[in-house]
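Keep in mind that what you see is a predicted model, and the values were worked out from it rather than measured. Each ligand, and each atom within it, is numbered from 1 in the order the structure gives.
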Amino acid sequence: MKFKTIEWKGHYLRLLDQRRLPGEVRYLKCTDASSVARAIRTMAIRGAPAIGVAAAMGIALAAKKIRPCQPSAFRAAMDRVCDFMGRTRPTAVNLFWAIDRMKKVLDEAPSSSLGEIRTRLEAEARQIYEEDIETNRKIGEYGKVLIKDGFGVLTHCNAGALATAGYGTALGVIYAAWSEGKKFEMFADETRPMLQGARLTAWELVQEKIPVTVITDNMAGWLMKQGRISLMVVGADRIARNGDVANKIGTYPLAILADFHRIPFYVAAPTSTLDLTIASGEAIPIEERSPEEVTHFRGKRIAAKKVSVFNPAFDVTPHTLIEGIVTEKGIIRKPYERNLRKVQQTRECLSQSAQRSRRAGGFESNR
Ligand code: MRU
């Protein structure tokens, strides 16, 4: 990729400001947890895995800023930072997954020196970053089989390198198929109101020289009726125990259209997006964002004055409409309740043994 979504720079984070794309490629310098939290809330950085990585790095930064103090005072301060990060956006479970991993480091190092804790937190945040890229490449490898030559593939929002630490989930599937030489047509929904499709997905694909056609969200049904869409692949922000998936607003109607037109609808997501603590999509908290996102674009009013606005940032697609969930562990099929639990169990075993070996090997502060 010709850009980096997020970079750890030791005493600050370098974030690509996605609010300015595609017109301007400008990087933000975040030197503390509150500037990272602001970047997440205002969507300078967005996408479930990317905000998880940013939160983890923001927590590691905060640990560096806290002046030497009693272990209990340090822990209390870090808990405040973690809570603060957790209040940035409610739907993407990757945010809370990453915060929990950082809290686990704090739990396991109560008596360690401040320097050691800072090193461990930095190492864990960087581990989350590297694992995310590796995970997305695996998602691409498993998902590329779904795309055949001559296909028309539609995606919604941006689930690419910009939404992750790198490479992307749904777009990871596209990149893997394209780099294998498959020839297919890409369609990107503009994705109102924040236009992640027209601004970010199209920009990424153009950077990678993959031809893309941008459509407005209300054109998808007509494209499907004309038989130009053979496959849909989208990302996810949270996946419930039964396989219901929360993703960018507008995903649910696309799944219904795809079902009606018998077009396979796939979700690509890392297993860190699984939230098996909730039974179904009904329990997924859906973020409501400011009305200005709907009534204005880039500060210019586009809707009539004196109107009410409804602006949920995500919706939930029932598992019945999802053909498969492409993860770094393979493509998960129905029945999701059983198969997602199996994947989660494997993941927990693996992460425990990975952590044990990391601990045994001591801190990798120079990575
Ligand atoms: O509001 P956003 O831009 O953060 O929403 C992003 C999405 O819905 C993505 O599809 C999802 O986070 C998956 S990103 C790999």
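Among His156, Lys248, Gln196, the one residue that satisfies the side-chain hydrogen bond (donor to acceptor under 3.5 Å, both in side chains) test with Asp189 is His156. The salt bridge (Lys or Arg N to Asp or Glu O under 4.0 Å) with Glu131 is formed by just one residue from the set Arg137, Arg101, Lys138, Arg126; it is Arg101.
Annotation: side chain of Thr273 is not in contact with side chain of Val267 (no heavy-atom distance under 4.5 Å). Residues Met232 and Met224 form a side-chain contact, since some pair of their non-hydrogen atoms from C-beta on lies under 4.5 Å apart.
Below 4.0 Å from some heavy atom of Thr169 lie the following atoms of ligand 1, by number and element: 15 (C). Close contacts between ligand 1 and Ala48 involve ligand atoms 12 (O), 14 (S) [criterion: under 4.0 Å to a heavy atom]. If you number the atoms of ligand 1 from 1 as listed, the ones under 4.0 Å from a heavy atom of Arg89 come out as 1 (O), 2 (P), 4 (O). For ligand 1, the atoms closer than 4.0 angstrom to any heavy atom of Ala163 are 14 (S), 15 (C). Interface atoms of ligand 1 facing Lys248, defined by a heavy-atom separation under 4.0 Å, are 1 (O), 2 (P), 5 (O), 8 (O). Residue-ligand proximity, Phe314 to ligand 1, at heavy-atom distances under 4.0 Å covers atoms 1 (O), 5 (O), 8 (O). Near Gln196, meaning under 4.0 Å from one of its heavy atoms, ligand 1 places the atoms 1 (O), 2 (P), 3 (O).
At a 4.0 Å heavy-atom cut-off, ligand 1 touches Met43 through the side chain alone.
Ligand 1 is never approached by Ala313 to a heavy-atom distance shorter than 4.0 Å. Not a single heavy atom of Glu287 lies less than 4.0 angstrom from ligand 1. In this structure, Ala92 falls outside the shell of residues with a heavy atom less than 4.0 angstrom from ligand 1.
Under 4.0 Å is where a charged nitrogen must lie from a carboxylate oxygen, and between Asp107 and Lys103 no such pair does. Look at Arg238 and Asp275 and you find a salt bridge, because one of the NZ, NE, NH1 or NH2 atoms lies within 4.0 Å of a carboxylate O, short of that distance.
Rounded to the nearest 0.5 Å, atoms OG1 (Thr164) and CD1 (Ile133) are 7.5 Å apart. Once rounded to the nearest 0.5 Å, the distance linking CG of Asn311 with OG1 of Thr295 reads 9.0 Å.
Annotation: atom 6 (C) of ligand 1 to nearest protein heavy atom, Arg46 NH2, 3.5 Å. Nearest non-hydrogen protein atom to atom 11 (C) of ligand 1 is Asp237 OD2, 3.2 Å.
Comparing Asn247, Asn94, Thr91 by heavy-atom distance to atom 10 (O) of ligand 1, the nearest is Asn247. Closest heavy-atom approach to atom 13 (C) of ligand 1 within the set Ala236, Gly47, Gly250, Ala246: this belongs to Ala236.
The aromatic rings of Trp178 and Phe184 lie perpendicular to each other, with more than 60° between the two planes, well past the 30° mark. In this pair, Trp203 and Phe3 present their aromatic rings tilted. The plane angle is within the 30 to 60° band.
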